[in-house]
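Inspection log for the structure reproduced underneath, given as structure tokens.
Just so you know, these numbers come straight off a predicted model, no measurement behind them.
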Amino acid sequence: MRSFLFVPADSDKKLAKGASSGADALILDLEDAVALSNKEAARRGAADYLKSADRNGPKLCVRMNALDTPLWRDDLKAVAAHAPHAILIPKTISGDCVKKVAHALDLLEAEAGLRTDTIKLFCVATETAASMFNLGTYAGSSPRLFALTWGAEDLAAALAARDNRDETGAYTGPYQMARTLTLLGAVAAGVSPVDTIYKDFRDEAGLERETRAAARDGFTAKMAIHPAQIEIINRIFTPSEEDLAHARAVIDAFDKAGDVGVVALDGVMLDIPHLKQARALLARAAAAKTI
């Protein structure tokens, strides 16, 4: 999956637009996009959508409310029986948060007659100060875990920051660190690193720059808050034919050389990490059905 689009679960109109956006996954939001007075309506909306939506379309995920609220258990009860692809856990502190939600899902899946681990999990893992010290704890937390992402807006609120970007539009130090630790924590856990949203949905050039930087550094997908952002995100995270041809050439060079650690290709010396990168690129392309 390359693109995850947030959609308020209490808005039929936005759910319909999201379904036709081209996003690889929709996140039916029960948290920040929904007023407290409308939480129950949002749960009903998410459940109804999960029951009626075409499962051959985008993957359907649900963002529950945070574990430090009394809302999250009712969120899970409302949607688990309808087998969303995944639950997004906001404001996680450590891998223990994943374990807590995974245990709750074990019980709900059993009640619904679903296979254990049917519902996957991913986290917004950097939205509090405490969470920043625990990005290494997600490894081994649950077989349900498939991705980590990061959030700059809630972290800025937690830090009482005036802003999270400098005068050039670049993230300032604390948020660059959150991004980097999420990338490292996800790779260490063997799950997908997913870049955060770009909140100015009218700034296509800024979105493209930020998405290219994410793909360059190793992120495999990006969150979105508006359907207009999906084309750029999908395009950048889809390997180009040139990228694929180079990856195949790297693999072919190693295959022809036999059991070696270094090969030369087009005047450049390549070693085993380059081979691993090439294989990973082709695997992502195959998953995205681009080969």
Mark yes when over 12 heavy atoms from residues, nucleotides or ligands other than Asp266 sit less than 6.0 Å from its CG; otherwise mark no. no
Side chain to side chain donor-acceptor pair (under 3.5 Å) partners of residues 62-75, not counting sequence neighbours, each pair once: Asp29-Arg63, Glu31-Arg63, Lys39-Asn65, Arg43-Asp75, Asn65-Asp75
Given the rule in the side-chain contact (heavy atoms from CB on, under 4.5 Å) test, do Ser3 and Ile230 qualify, once you have shown the distances and angles that lead to the verdict? CA-CA 7 Å; Ser3 53; Ile230 298 302; 4.0 Å; yes
Pair Leu155, Asn164 - check side-chain contact (heavy atoms from CB on, under 4.5 Å), show working. CA-CA 9 Å; Leu155 181 58; Asn164 53 23; over 6 Å; no
Measuring from atom NZ of Lys99 to atom CZ of Arg144, what distance do you get when rounded to the nearest 0.5 angstrom? 14.5 Å
Determine whether Lys91 and Val124 make a side-chain contact, defined as any pair of heavy atoms from C-beta on separated by less than 4.5 Å. no
Distance, nearest 0.5 Å, that separates CG of Asp203 from OH of Tyr198: 3.5 Å
Give me the atom names and distance for the closest heavy-atom approach of Leu159 to Ala129. CD2-CB, 4.2 Å
Would Arg179 and Thr196 satisfy side-chain hydrogen bond (donor to acceptor under 3.5 Å, both in side chains), going step by step from the backbone distance to the final call? CA-CA 8 Å; Arg179 176 183 182 274; Thr196 192; over 6 Å; no
Would you call Leu26 and Pro58 a side-chain contact if the rule is heavy atoms closer than 4.5 Å? yes
Does Val79 reach the side chain of Ile87, with side-chain heavy atoms less than 4.5 Å apart? yes
Residues Asp252 and Lys256 bridged, charged N to O under 4.0 Å: yes
Quick one: does Leu28's side chain get under 4.5 Å of Leu50's, heavy atoms only? yes
Below 4.5 Å, heavy atoms only, C-beta onward: do His246 and Leu265 meet side chain to side chain? yes
To the nearest 0.5 Å, atom NZ of Lys100 lies from atom CG of Asp96 at 10.0 Å
Thr211 and Glu208: CA distance, side-chain angles, deciding distance, side-chain contact (heavy atoms from CB on, under 4.5 Å) verdict: CA-CA 5 Å; Thr211 306; Glu208 179 143 356; 5.8 Å; no
May I ask you to decide if the ring planes of His85 and Phe146 are parallel, tilted or perpendicular, using 30° and 60° as cut-offs? perpendicular
With sequence neighbours excluded, residues passing side chain to side chain contact (heavy atoms under 4.5 Å, CB included) with Ala221: Phe4, Val194
Nearest non-hydrogen partners of Ala53 and Leu60, listed with the distance: CB-CD1, 3.7 Å
Mind listing the side-chain donor-acceptor pairs of residues 274-282 below 3.5 Å, one per line with the distance, residues two or more places apart or on another chain?
| residue | atom | partner | partner atom | Å |
| --- | --- | --- | --- | --- |
| His274 | ND1 | Asp271 | N | 3.1 |
| His274 | ND1 | Asp271 | OD1 | 2.9 |

Straight-line distance of Leu67 CG to Cys97 SG, nearest 0.5 Å: 5.0 Å
Should we count CZ of Arg55 as having more than 12 external heavy atoms under 6.0 Å? yes
Any idea which heavy atoms bring Cys123 and Val98 closest together, and the distance? SG-CG2, 3.4 Å
So, for Ala147 and Val191, which heavy atoms are closest and what is the spacing to 0.1 Å? N-CB, 3.7 Å
Is the number of heavy atoms from other residues, nucleotides or ligands within 6.0 Å of CD (Glu153) greater than 12? yes
For Ala224 against Ile197, the heavy-atom pair lying closest together: N-CG2, 4.3 Å
Rounded distance (nearest 0.5 Å) linking atom CZ of Phe219 with atom OG of Ser192: 11.5 Å
Are any non-hydrogen side-chain atoms of Ile272 and Phe254 less than 4.5 angstrom apart? yes
Between CZ on residue Phe237 and CZ on residue Arg212, distance to nearest 0.5 Å: 10.5 Å
Of all the heavy-atom pairs spanning Asp117 and Pro143, show the shortest one and how long it is. OD2-CG, 3.5 Å
Would you call Pro193 and Thr182 a side-chain contact if the rule is heavy atoms closer than 4.5 Å? no
One pair to check against side-chain contact (heavy atoms from CB on, under 4.5 Å): Asp24 and Lys59. What are the steps and the verdict? CA-CA 6 Å; Asp24 291 338; Lys59 300 290 187 184; over 6 Å; no
